[in-house]
Amino acid sequence: MRTGIFVGSFDPFTIGHHSIVRRALPLFDRLVIGVVGDNVNKPSMRPAEERMKAIETLYQKEPAIEVKPYFGLAMDFAREQGAQFIVKGVRSVSDFEYEQWQADFNRRLGGIETILLYTEPELASVSSSALRELSHFGVDVTPFLPHHHDNI
């Protein structure tokens, strides 16, 4: 069984994340969305259970998708899930450079390959941190969030 993981804080889970899931799903028999439970760089994050519930609701009719919390390193989570691949989305050169060194360590230390999917051009500016900031200032960010009726 080909299993991949897609990990992140997903605070919130955006249309960019949804695009990566939709495009990665045909590559795997099982795709586990790992929701970070302990991000020390983002102490004001909403609880993992709340973030997970939103994602579970979105993909409730897709049996190949599982949503689970994870703590620690992505390569360890991948091994726990029996995954051979980590799926990542990249929007820019700086994203690529960051993901490149992570992929190298995941392969060297964990034997896990990384698959990079480039962002769709119209979604390149969409990020969870940008949406949190806009929301803080009262901007309606719902156009940047996937909805239950969106097709995978």
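- For E50, the CD atom sits in a packed shell: over 12 heavy atoms of surrounding residues, nucleotides or ligands are nearer than 6.0 Å.
- Cluster annotation: I65 and I115 are assigned to the same hydrophobic cluster (Ile/Leu/Val/Met/Phe/Trp/Tyr, side-chain heavy-atom contacts under 4.5 Å, transitive).
- Nearest heavy atoms, G37 versus A48: CA-CB, 4.2 Å.
- Salt bridge absent: K68 and E80 never bring a charged side-chain N and a carboxylate O closer than 4.0 Å.
- Summarising the geometry of A64 relative to L25, their closest heavy-atom pair is CB-CD1, 4.0 Å, with the distance given to 0.1 Å.
- A distance of 5.0 Å separates CD1 of I20 from CG of L117, quoted to the nearest 0.5 Å.
- The side-chain heavy atoms of M75 and L109, taken from C-beta on, include a pair separated by under 4.5 Å.
- Taking CG of L58 as the start and CD1 of I33 as the end, the distance is 8.0 Å to the nearest 0.5 Å.
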### Task
Output, in order, the C-alpha distance, side-chain angles, deciding distance and verdict of side-chain contact (heavy atoms from CB on, under 4.5 Å) for R132 and S128.
CA-CA 6 Å; R132 284 192 308 274; S128 292; 3.6 Å; yes
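- Judged by distance alone, with hydrogens and angles left aside, the side-chain atoms of R30 form no donor-acceptor pair with the main-chain N or O of A83 at under 3.5 Å.
- In this structure, OG on S125 lies 6.5 Å from CZ on F144, to the nearest 0.5 angstrom.
- Under a hydrophobic-cluster definition in which Ile, Leu, Val, Met, Phe, Trp and Tyr are linked whenever side-chain heavy atoms come within less than 4.5 Å, directly or via other members, L131 and L123 are assigned to the same cluster.
- Between the side chain of Q84 and the backbone N or O of G82, at least one donor-acceptor pair lies under 3.5 Å.
- Nearest heavy-atom pair across S135 and V141 is N-CG1, 4.0 Å.
- A side-chain donor-acceptor contact under 3.5 Å links R91 to the backbone of V126.
- Residues A78 and I86 approach most closely at CB-CG1, 4.4 Å, considering heavy atoms.
- The shortest heavy-atom contact between P146 and F13 is CD-O, 3.3 Å.
- To the nearest 0.5 Å, the span separating OG1 on T119 from NE2 on H17 amounts to 9.0 Å.
- Residue V87 is not grouped with residue Y118 when hydrophobic side chains (ILVMFWY) are merged at heavy-atom distances under 4.5 angstrom, including chains of intermediate members.
- Judged purely by atom type and a 3.5 angstrom limit, S19 has no side-chain atom pairing as donor or acceptor with the backbone of I15.
- Within the 6.0 Å centre-distance limit, the rings of H18 and Y59 are counted as a close aromatic pair.
- Pairing each heavy atom of H147 with each of T142, the nearest pair is NE2-O, 3.3 Å.
- Counting only distance, with no hydrogens or angles, the side chain of E113 and the backbone of R107 share no donor-acceptor pair below 3.5 Å.
- In this structure, the separation between CG on L31 and CZ on R22 is 13.0 Å, given to the nearest 0.5 Å.
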### Message
Determine whether V36 and Y70 satisfy the following criterion, side-chain contact (heavy atoms from CB on, under 4.5 Å), listing intermediate values before the conclusion.
### Response
CA-CA 5 Å; V36 172; Y70 93 94; 3.5 Å; yes
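- S94 OG to E99 CD: the interatomic distance, rounded to the nearest 0.5 Å, is 10.0 Å.
- A continuous path of ILVMFWY side-chain contacts below 4.5 Å connects L73 to I5, so both sit in one hydrophobic cluster.
- Below 30°, between 30° and 60°, or above 60°: for F105 and W101 the angle between ring planes is above 60°, a perpendicular geometry.
- Between the side chain of T14 and the backbone N or O of L145, no donor-acceptor pair lies under 3.5 Å.
- Side chain of R51 to main chain of R46: a donor-acceptor pair is present (N/O by atom type, distance under 3.5 Å, no hydrogens or angles).
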### Task
Could you go through the side-chain contact (heavy atoms from CB on, under 4.5 Å) check for L27 and R2 one step at a time?
CA-CA 8 Å; L27 303 173; R2 285 183 327 267; 5.8 Å; no
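- Under the 4.5 Å side-chain criterion, counting only non-hydrogen atoms from C-beta, M52 is not in contact with E49.
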